[in-house]
Every structure is written in C-alpha cells, then in structure tokens.
**Q** 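Structure below; questions to follow.
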Amino acid sequence: MRFVEHPLIKKQTMQFREYQYAIFERAREKSLLCCLPTGLGKTNIAILLTAQKLFEKPDSKVMVLAPTKPLVKQHLESFKKFLDLSDDDFGMVTGTVRPEKRKEIYHKAKIIFATPQTVLNDVLKGRLDMKNFSLLILDEVHHGVGRYAYPRLAEIYREQNESPLILGLTASPGSSKEKIEEICNRCGLEGVEIRNEYDPDVAPYVKKKKIEWISVELPESFIYIRSKLQNILRKRLEKLKELGFTRSIRITKKELLRLQAELAKKAREGYKKAFIGLRIIGYAIKIEHALELLETQGVKALNRYLQKLKKEKPGLVRELPEVFSTAETLAEKGASHPKMSKLCSLIENELKQNKDSKIIVFANFRDTVFEIVNALKKVESAKPIEFFGQRGGLTQKRQIERLQKFSSGEYNILVCTSIGEEGLD
C-alpha cells in the first residue's frame with residue numbers, strides 16, 4: 001500500500017489515492033468546491049491542503065468549519081490522527097466556549113475547528129480577524145445559501161485576507177447546475193471538482209453495497225383511506241384543468257409547487273383568477289402530503305397531520321369525514337405501518353446471525369424515529385437509540401454522547417433523521 005509523504009503528515013498513516021491528490025493539486029491553485037460521495041475521503045483532501053498551506057506559510061493559521069459540534073469534534077480527531085503537530089496546535093471553538101476563552105484559542109492554535117455562526121459572531125465583534133488564515137475550509141458547504149453563516153464569513157475572509165483560499169466540501173451539492181453555481185457564487189469558490197463512485201480513479205476504493213428493495217402490502221384500512229384521499233385530490237386537479245391552469249390531471253407535487261409560485265406572482269400583479277387557483281392548489285398539496293404520510297409513515301403520522309388540518313382547514317373535515325374518523329380510530333388502536341413489523345423481523349434475523357452487528361435506520365420524521373425505537377426495544381438483543389438534530393431537542397453534547405455509545409457498542413442500532421447523513425463516521 002502506498003502512503004502520502006509530506007513533512008507535516010505522520011508517516012504511513014494516510015493512504016495515497018490518485019483522485020484525492022488530483023483534487024488537492026487543483027485546490028492549491030484556487031478556491032474550490034469538492035463534491036465526493038460519503039466515505040471517499042473529502043476530509044483527507046482538506047488535511048492534505050492544510051498540511052501544505054502550513055508548510056508553505058508556517059506562521060499562518062487554518063480555519064475548519066462544520067455545521068454541528070459533533071462534526072466539528074470529528075474533524076478535530078481526524079486532523080490530529082494524520083497531522084504531525086502538537087496538541088497545542090489544535091483548537092476547538094463552539095458557542096458553549098466563553099468569548100474570552102475563544103479569543104485565547106484563536107491566538108494560540110494553528111488549526112481552529114469551529115461552528116460557523118460562532119466564528120461569524122466573533123469576527124463581527126472584533127474578537128477575530130481573518131487576515132492570517134492561509135486556508136478556510138467549509139464542510140457541508142451545500143448549507144452555504146440563504147442566511148447561513150458561510151457566505152458572510154467567506155465574504156469577510158476575502159475582504160480581510162490578501163491571498164484567500166477556500167475549500168468547500170460536500171457529498172450533496174444539489175441536483176441542478178444552478179444550485180452548484182449559487183453555492184460557488186455565495187461562498188467565493190472559483191472551481192468545481194466532482195467525482196462519483198463510478199469514475200475510474202474512484203471505483204477501486206468504493207466498497208460494494210448490496211441493495212435490496214422489500215415491498216410490503218398496505219392493509220385494507222389503509223387502502224380505504226387512500227382511495228378517499230385520491231378521490232378528493234382528483235377533484236381538485238380536475239378543477240385546475242377546467243380553469244385552464246393545467247392540461248392534465250396527471251401532475252406531480254413538484255409541478256404543483258411550480259404552478260403555485262407562478263400563480264402567486266400573477267396574484268400580486270392583480271390577476272383575480274389566480275387566487276382561485278392558489279386556493280385549489282393549497283388544498284391539493286395538503287392532500288398530497290396526507291397521502292405521502294399514509295403510504296410511507298402510517299396512520300399515526302397521518303392522524304397527527306389531520307388533527308392539525310382540522311384547526312387550519314375545517315372545510316376538509318366536512319369533505320372527508322370518513323378519512324378523519326377512520327384515521328383517528330386506527331391511531332387510537334395503535335395501528336402501525338406494515339413496514340414496521342417487517343423492519344423488526346429483518347433486524348431480529350440479522351442480530352441472530354451476527355450478534356455484533358451495528359445497524360443504522362433512517363427515517364424522514366422525528367416522530368417516526370421514536371416509533372421505530374419503541375418497536376425495536378421489543379426485539380431480542382436490539383439496543384436502539386434515537387439520533388436527530390438540535391431542533392428536536394437533542395443538544396450537541398448529547399449527540400456526541402450517543403455517537404460514542406453507538407461506536408462503543410452500548411447501543412447497536414442508531415435510528416436517525418437526515419442529520420445522520422452529514423459527516424457520520
């Protein structure tokens with residue numbers, strides 16, 4: 001096995017990969033957006049570039065930013081593993097660190113690992129300037145749109161620094177060219193390097209995945225509710241066609257949202273008919289979401305949503321009395337989606353075959369996460385734990401603790417929302 005050779009990287013620790021080195025070489029020349037699938041070593045490219053900039057400019061510093069404290073801590077540990085520097089050269093800054101202490105860390109450390117909003121606040125309040133940073137690394141840079149801290153920090157960095165260099169890292173830059181261009185423009189990135197698992201220089205390092213799709217049959221009660229919802233949705237779509245807003249009743253949710261935006265613009269310009277279309281589309285989107293909840297999450301999630309709609313749109317209750325009453329009755333009886341029992345069965349079999357298995361289950365909604373954990377607690381040898389974001393009430397400290405307990409084996413099943421997709425080691 002070939003290893004990376006560099007004065008600031010510990011000998012025989014980092015495997016040499018041609019695609020990583022090629023991206024690193026480009027990143028030395030100009031600020032770059034690096035898009036690599038999860039598990040293919042974006043962090044190693046950042047470490048290589050950090051080592052090079054500190055070697056070229058020994059008196060300079062490097063800033064590594066990530067959206068969450070667990071991810072910041074993970075980066076700190078990764079950089080320490082490979083870089084041949086003293087512990088004092090590494091510093092971690094988050095909002096839980098006192099301002100005076102943060103200022104001290106900025107002064108002493110060569111590489112600072114931090115959450116972006118904290119750094120932005122310190123820059124704006126004069127606790128930190130960016131002129132001595134030879135490199136700014138923005139992890140999960142797809143967040144760098146809207147009012148997120150990345151664009152403003154990148155702007156200040158370029159204003160304060162004579163030779164700024166920015167590296168943006170992401171596994172999910174967005175599905176459109178426009179989204180990638182927006183990220184680059186907002187965060188001062190001049191070039192893009194994208195690799196996927198099928199590229200010839202990447203393919204040898206991709207671990208093979210076995211993907212198996214498992215279908216489950218919806219019970220009769222679910223099918224009954226679905227037919228009622230589909231009927232009312234069809235009426236709404238037929239009305240849109242009748243009014244001339246669409247050519248067909250076969251229209252996707254994405255197309256409905258696009259039409260909604262167009263009609264909203266026309267409504268602001270005084271086109272009265274647009275208001276009728278907007279009202280119909282609003283109802284249709286809500287029915288679409290109810291269908292999605294029923295089919296993918298189950299009747300409990302559907303009932304919670306319907307109870308919310310009952311307060312916001314009482315007219316729907318009059319149109320769909322059977323749906324509301326059936327969903328409420330099934331939820332009270334504890335009816336669950338059939339995929340829940342299938343999931344429990346799959347995990348039970350896996351743990352019987354390999355008691356040391358570690359399993360990650362992803363779910364779209366936090367409520368579903370709790371439902372899955374409660375179901376899995378009844379499975380022999382299963383030790384599940386929830387993992388979700390701070391908005392759901394799980395502090396960054398508790399997130400770190402849970403990841404550590406999953407890593408150590410205290411828990412063997414991590415049930416998480418999409419937060420688990422970002423930087424999960």
Side-chain angles (χ1 to χ4, degrees), residues 174-179 213-333 335-340 363-365 367-368 371 418:
S175 57
S176 67
K177 182 182 176 183
E178 290 76 20
K179 179 69 185 293
W213 291 92
I214 297 173
S215 299
V216 294
E217 294 290 329
L218 291 178
E220 286 296 324
S221 55
F222 282 44
I223 293 171
Y224 170 76
I225 294 173
R226 183 174 66 180
S227 67
K228 292 289 182 182
L229 289 171
Q230 286 173 336
N231 285 338
I232 199 71
L233 176 61
R234 190 180 299 111
K235 289 178 183 177
R236 292 285 188 274
L237 298 180
E238 284 172 350
K239 189 65 178 175
L240 283 176
K241 183 185 175 186
E242 184 184 313
L243 290 167
F245 292 125
T246 61
R247 295 179 180 178
S248 168
I249 64 168
R250 294 182 181 277
I251 182 169
T252 65
K253 188 176 180 179
K254 188 175 181 180
E255 289 167 335
L256 275 175
L257 290 168
R258 190 183 301 123
L259 178 59
Q260 187 181 45
E262 290 172 6
L263 290 181
K265 184 180 177 183
K266 288 181 179 179
R268 287 193 296 271
E269 292 169 355
Y271 181 50
K272 292 181 180 180
K273 191 178 174 183
F275 289 99
I276 301 170
L278 284 171
R279 189 169 63 251
I280 295 169
I281 290 172
Y283 269 94
I285 289 172
K286 284 178 170 57
I287 299 298
E288 279 265 18
H289 185 60
L291 274 165
E292 183 184 348
L293 285 174
L294 174 69
E295 293 176 344
T296 66
Q297 309 304 311
V299 75
K300 291 177 186 175
L302 172 65
N303 185 56
R304 281 191 293 269
Y305 181 63
L306 291 178
Q307 294 307 313
K308 181 183 173 187
L309 282 186
K310 188 185 282 188
K311 298 174 183 175
E312 297 175 0
K313 303 285 181 183
L316 265 181
V317 183
R318 291 191 294 273
E319 285 191 78
L320 294 166
E322 305 97 333
V323 168
F324 278 82
S325 61
T326 306
E328 194 168 2
T329 301
L330 289 170
E332 286 172 357
K333 288 180 178 178
S336 62
H337 197 288
K339 67 181 178 180
M340 199 66 70
N364 283 354
F365 301 97
D367 287 340
T368 310
E371 190 177 348
S418 59

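Along the sequence shown, the residues carry numbers beginning at 1.
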**Q** For residues 268-291, tabulate all N or O donor-acceptor pairs below 3.5 Å that involve a side-chain atom, not counting sequence neighbours.
**A**
from	atom 1	to	atom 2	distance (Å)
Lys273	NZ	Leu243	O	2.8

**Q** How many angstroms lie between NZ in Lys300 and CG in Asp367, if you round to the nearest 0.5 Å?
**A** 10.5 Å
**Q** Show me the side-chain donor-acceptor pairs of residues 220-233 shorter than 3.5 Å, one per line, residues at least two apart or across chains.
**A**
from	atom 1	to	atom 2	distance (Å)
Ser227	OG	Tyr224	O	2.7
Asn231	OD1	Arg234	NH1	2.9
Asn231	ND2	Ser227	O	3.3

**Q** Atom CG of Leu320 and atom OG of Ser325: how far apart are they, to the nearest 0.5 Å?
**A** 10.0 Å
**Q** Could you tell me the separation between the CG atom of Asn303 and the CG atom of Leu330, rounded to the nearest 0.5 Å?
**A** 9.0 Å
**Q** Given side-chain contact (heavy atoms from CB on, under 4.5 Å), test Leu294 with Leu218 step by step and report yes or no.
**A** CA-CA 10 Å; Leu294 174 69; Leu218 291 178; 5.7 Å; no
**Q** Is there a side-chain contact between Ile251 and Leu240 (heavy atoms, below 4.5 Å)?
**A** no
**Q** How long is the straight-line distance from NZ of Lys339 back to CD of Gln297, given to the nearest 0.5 Å?
**A** 5.0 Å
**Q** As a quick check of understanding, evaluate side-chain contact (heavy atoms from CB on, under 4.5 Å) for Lys265 and Glu262, giving each step before the final call.
**A** CA-CA 5 Å; Lys265 184 180 177 183; Glu262 290 172 6; 5.9 Å; no
**Q** How far does CD of Gln260 sit from CZ of Phe245, to the nearest 0.5 angstrom?
**A** 12.5 Å
**Q** Determine yes or no for a side-chain-to-main-chain donor-acceptor pair under 3.5 angstrom, with Thr326 supplying the side chain and Val323 the backbone.
**A** no
**Q** So which atom in Ser248 and which in Lys241 form the shortest heavy-atom distance, rounded to 0.1 Å?
**A** CA-CD, 4.2 Å
**Q** Give a yes or no on whether a salt bridge exists between Glu242 and Lys239, defined as a side-chain N under 4.0 angstrom from a carboxylate O.
**A** yes
**Q** Using a strict threshold of under 4.0 Å (side-chain N to carboxylate O), is an ion pair present between Lys253 and Glu292?
**A** yes
**Q** CG/Leu306 to CD/Glu328 distance, rounded to the nearest 0.5 angstrom?
**A** 9.5 Å
**Q** Above 12 or not: heavy atoms from other molecules or residues under 6.0 Å from CD of Glu217?
**A** no
